Every structure is written in structure tokens, then in C-alpha cells.
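First up is the structure itself, then whatever we jot down about it.
Note that the coordinates shown come from a computational prediction; the quantities given were computed from them, not determined experimentally. Below, read A as the first sequence line, B as the second, and so on, with proteins coming before strands; counting in each chain starts at 1.
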Amino acid sequence: MRLLLDSMKQTLTEILLEALARAKSKGELKLDTQPVITLETPKDKNHGDMSSTFALAMAKIEGKPPRKIAEIVLANIQDEEGIIAKTEIAGPGFINFFLKQDRWRKTLFDIDAEAHEYGLKDIGKGERVQVEFVSANPTGPLHVGHGRGAAVGDALANLLAAVGYDVQREFYINDAGRQVRLLAQSLYARYQQALGNNVAFPEDGYHGEYIAEVAQDLIKVHGNTFLNKPLEECAAIFTDFGKDAMLADIRTDLEAFGVRFDVWFSEKTLLADNSVQRSIAELRERGYLYDQDGAQWLRSTAFGDDKDRVVVKKDGEYTYLASDIAYHRNKLARGFTQLVNIWGADHHGYIPRVQAVIQAFGHPKDSLHVLLVQLVSILRHGQPVPMSKRAGNFVTLRDVVQDVGADVARYIFLTRKTDSHLDFDLDIAKEQSRENPVYYVQYAHARIASVFREVETRNIPVPGRDAVQIDLLDVEEEQNIIKALAKYPEMIEEAALAYEPHRITFFLQDLAGLLHNYYFKHRIITEDLARTGARLFLMKQVKTVIQSALKILGVAAPERM
RNA sequence: GCGCCCAUAGCUCAGCUGGAUAGAGCGACGGACUACGAAUCCGUAGGCCAGAGGUUCGAAUCCUCUUGGGCGCACCA
């Protein structure tokens, strides 16, 4: 599909390249090296629709002042298609292009034709990408930090899919290590205690009340079968029961949050089918594994890690890294060309060694992209709510979703860059005002929907693209909206390539602001039927784009609020 | 001690990968409902982009150092 903004940029680039070539053949410019034509949309409207700085960049090589170069180039421009309304040289040598308004207005036809496909590109070309996120230990309920990871991961997956990648969402279940052992011990203790056998609670156990609840469930299923039995005899059952109960909770919470995974990948299966063993053997063959002090080490320093890392301990047990080696080898073997892992920021020190693993298996370092998500602080009445995971006292995702709703929570999680701290103010999240950006954006959508309801009751015709007179969209506010809509595809592409879904929320807030501003200043439904039709046509396209963008974020676009 | 991330308006944050006079929201102050939804809009005030050097036509953005915050540095996960 061909998009307006891109084609405009492209056309302009071609025009400039031709102008340069002409200048060269006339001997006005040396052009020993081909300059890169950069075009950007200036933030100041007075600087035109497109602006280029290449004259500044060329000045040194060319040995001419940038303004002179700009003059030469402009003099050689031939605008056959007639898209340029005006050009100017500004400041030290910027070249500003003012494009004919008709060109912008035609964006509306693109949107009308492509509807929800508008802005979706195929830069992924069906390449398979995996996004692994949340991957919380199945030892307790999800907290708000997981919620942020879930919102980011899900939106990013949507975003990558929107630009043509074949995306898979995966949740890695840590069901093999120390954490689930501790879960079993904690559950065992609560079980025994509930039945009157007062055994000691494990030192590092999970203190949350939910453990006692799971113990009650276990009693319902198994009665007192395990009363007074030593832990060793029933550890497997306690582990499985506890883990399954936690996973069921996690899954329920995620669904309530609107997040679904394609694959739930169990660490245990990697051990069960000897993948871990085989992966380690392969690393040894490749020369990245060696023995020292009775342990087996990954030579991660070969790929820039600070030190080598133990994979198999002196006592023969695997470290966590061993599982991750097998897991990432497994991911790569599944044919993904890009792996995206979303981790809590406290795991950043782990990145170099996993990237070392990727490279040790012969894949480029950047086939793995780790996105760090900073922690979330919850504020209530302006005060931080203390959270201590150890004491089992933290704000759960479920609490937040019940309190403010999934839409609000998701949106707020996506209003920050992932690597900056997020203060989540519960009072603001419940407020229905400008301060709460979700409502601001949703309201814009609902407002438009309301206009169309009005149009329907009054029996006012809404023209199709054949009948609409878009040249009647001539007020400044309309131009602003149209230009914002025209930027949507570019924004989506950039957000996807940068793995930054938060850009969508900012785009939406801008667009909603323009809409509200327009709506307040101008009436859409007037006596003038042709003008009314044009405005309704514009509104239809705004509605489409808001819907598309919100859909990527996983947030509803309500018809009324 | 070493490494990673962060520092932008009173507060919460953007800033399109080096461009022109650094932008929003909230809060403050002042305005706008006899018209399609006031969950909205308009205006005013507010800044040495933590500090100091450097790179160049040009720096909030890139490099170095300093200060101040967060987080890592296991044969834990």
C-alpha cells in the first residue's frame, strides 16, 4: 500500500536529488559524495510542511556557505507533479517546503479506503518475532510491575504485528527451580498448620495469605492425606498443586487485563527432555564451555560480559542460566528472527550473559532485544503505598484492575518510556478529567460517535469519497487534524522500530487535543450541507485512526461514555 | 570499588535518534455552556534542559568528568 506522507517525502526526495544532479552537470556543485537527503516535519508550522538540512550538512565538503548551496539547489528544482506551493531558505540554511493543501487533504481518501488498515505497513514482511513477557514466577499473584510489563508486551506485540511481523506472545514458566520448591514448602507448612500440625514456616517462604487459601483448596481435594507426612514424600504434589493454582490465578488476572499468550512455555520440560544437557554439550563443542574448580563455565567474556558464568555447579546442579541457555536455544531453533524479552529493570545485569548465549550459538547479538521495564510505585492520596514482596504485602494487578479498570491501567502503563519510573496515582486514575489521559482520548472518540448519532436522527446525508468536497475543509483546525492523521503511519513505523509503544499514547493525546479544539471552535453540522458533509467525512477518518491506535494499545474506543 | 539506567516548568512527563524561539498535562491566575456531549475549550505566568568541559555550522540529544537518585555486581532465581 502506498501512503501519502511517505509518497510525499519520497517525491520530494526525488525532486531534490534531480535538482542536485542538474546542479552538478552545470558545474554549480562538486558533489563528490552523494549527500543524504533528510526531510523532517518541523515542529513550528511557520517552517513549512517539510524541512531539510542537507545544505547545512554539505557546506563543509562543498566549500560553500549553506545558504548558497540551498539557493543553487532550489534554482534547479523542477516540480513536475506540482506538489510544492512555496519554498524558502531560512536561518543558517534550512530549506522549507510548503506543500499544496490539496495534497494533504487527499490523506482522507487514503484513510477512507484503507480504514483500519491505514497506517499498517509491511516492514516485517512476515518475519517471525517472539515477544516474551510477564514470565512471573508461579508463586504468587501478579503485582502492578507485572501489569506494566504485560501492558507493554501486549501493546508491543500488537505494534509489531501492525507493521507486518508474525508475532508470537510467550510466557515462560519458572517451574523448575528454587522458587517453586519454596512455594511447595510454604504450602506444606500452611497445610499442616491448617490441620493442627504446627510445623515451622520456612525462613524464605512466601508469607502471603494466598498460600493459606491454596492450602484450604488442597485440603478440599486431598483431605488430610498428607497430615504429618514428611515433606519429601509429598513435595511433588505440593509443588504441582501450588504451581497450578498460581498459574490459574495469573492466567485469570491477565485475561481480565486483556492479555492472552500464544504459548506458555515450561522450564521443566527443558530439563525433562534433556534440552538443557544437550544445549550445554553444544556449547562445549562450540568451544564456549570449560571446566574449572569442579564447575562448568560459560565463556561469556568472549562476548563482552564482565566475567564468565557458572552453568553447572560443583555439586552437579544446573544454575538458572543453564535453563536459559536451553530456553534461548529453543527459541532460536523455532525460527524467530527477532526475540524480544521484557524484563524488570532489576535484571539488567543479566543481559550481557544472555546475549553471550545467543552469540555463542552463532546468532547476531541484536537478534535478542531486551526491554527493561522500571518498577511502578503506587500512590494513594498522594502517598506511596509501601510494598514488600517478602511480607506478601503488595498491590496486585487484580486490585488495580478492579479499582480503576483495565483500560485505564493499560493506558497509564503505556504513557511512559519503559525505562523510566512510573508513579501510578490511584486517585488520578479514577478521576475522569483531562489529567487522566485515557478519558481525554476516549472522549474524543465518543464525541465523534455522538455527532454521527445526531446526524442519523436528523437524517443528514454523509457523503462517500466520490461525493465529498474536501476542498471545503479549509479552516486551520481542519488542516491541523489532517496533518496529524497523515503522520500516523510514520509514527507507527517509528514506534515499532524503536520498540516504543508509548509514542502511540502521545500521538493520541495530540490528535484528541486537536479534535477537541476543532470541535469547540466549529460546528460540524451546519445549514451548509456540502460543508457539513466534508466535515463529517473528516470526522469519520479521525474516528478510524483513534480506533486503530487504541486497538494497538489494547484499550477500548467507546461509542459513548 | 566496578557496571547499567535516570536527572527537562512548582508536580508528572514528552522531545521524532544532532536542527530553527525546548513542548504537553496537572497545579496557580483569568476567561468560555440559549448551538452536534463543558469528561471540553481559550488566555496568562512559569526554564542556566543537574553542573563543568569537549566534538561542529548547530547539543536537552553524542563523548569525558563531577554531583545527586534508582538498580545490579552469586557455583540465587
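- Counting non-hydrogen atoms under 4.0 angstrom, A:D419 reaches the backbone sugars and phosphates but no base.
- Counting non-hydrogen atoms under 4.0 angstrom, A:S450 reaches a base of the nucleic acid.
- Under 4.0 angstrom from either OP1 or OP2 of B:rA38 there lies at least one side-chain N or O belonging to A:R447.
- Rounded to a whole Å, the OH atom of A:Y519 is 7 Å from the P atom of B:rC36.
- A:Y206 and A:Q179 share a side-chain donor-acceptor pair at under 3.5 Å.
- When atom types are taken as modelled, the side chain of A:T41 and the backbone of A:D49 share no donor-acceptor pair closer than 3.5 angstrom.
- Within the 4.0 angstrom heavy-atom criterion, base atoms lie near A:H347.
- Note on A:H445: nothing from the nucleic acid sits closer than 4.0 angstrom, heavy atoms only.
- OP1 or OP2 of B:rA39 has not a single side-chain nitrogen or oxygen of A:Y439 nearer than 4.0 Å.
- Glycosidic conformation at B:rU17 (O4'-C1'-N9-C4 for purines, O4'-C1'-N1-C2 for pyrimidines): syn, within 90° of 0.
- Applying the 4.0 Å criterion to OP1 and OP2 of B:rG15, one finds that A:H502 has a side-chain N or O inside that range.
- A:I351 has its CD1 atom 13 Å from the P atom of B:rC73, to the nearest Å.
- OP1 or OP2 of B:rC41 lies within a sub-4.0 Å distance of a side-chain N or O belonging to A:Y440.
- Dashed line: the shortest gap from a side-chain N or O of A:K417 to OP1 or OP2 of B:rG15 is under 4.0 Å.
- Here the C1' atom of nucleotide B:rA74 and the NZ atom of A:K313 are 10 Å apart, to the nearest Å.
- The phosphate of B:rG18 (OP1 or OP2) has no side-chain N or O of A:T38 nearer than 4.0 angstrom.
- If you check every strand for non-hydrogen atoms under 4.0 Å, A:S51 touches a base.
- Contact annotation for A:N96: base contact, defined as any heavy-atom pair under 4.0 Å involving a base atom.
- We find that CG of A:D305 is positioned 11 Å from P of B:rA74, with the value rounded to whole Å.
- In this entry the distance linking CE of A:M58 with C1' of B:rG19 reads 17 Å, nearest Å.
- The side chain of A:N137 places no N or O atom within less than 4.0 Å of a non-bridging phosphate oxygen (OP1 or OP2) of B:rA77.
- At the heavy-atom level, A:R560 lies under 4.0 Å from base atoms of the strands shown.
- Checked for salt-bridge contact, A:D291 and A:R284 meet the test: a charged N lies under 4.0 Å from a carboxylate O.
- Its glycosidic angle being more than 90° from 0, B:rC13 falls on the anti side.
- Judged purely by distance below 3.5 Å, without hydrogens or angles, the side chains of A:S323 and A:E267 pair a donor atom with an acceptor atom.
- Residue A:A444 is out of contact with every strand shown, counting any heavy-atom pair closer than 4.0 Å.
- By the 4.5 Å heavy-atom criterion applied to side chains, A:L514 and A:E477 are not counted as neighbours.
- Here A:H516 lies in heavy-atom contact (under 4.0 Å) with sugar-phosphate atoms only.
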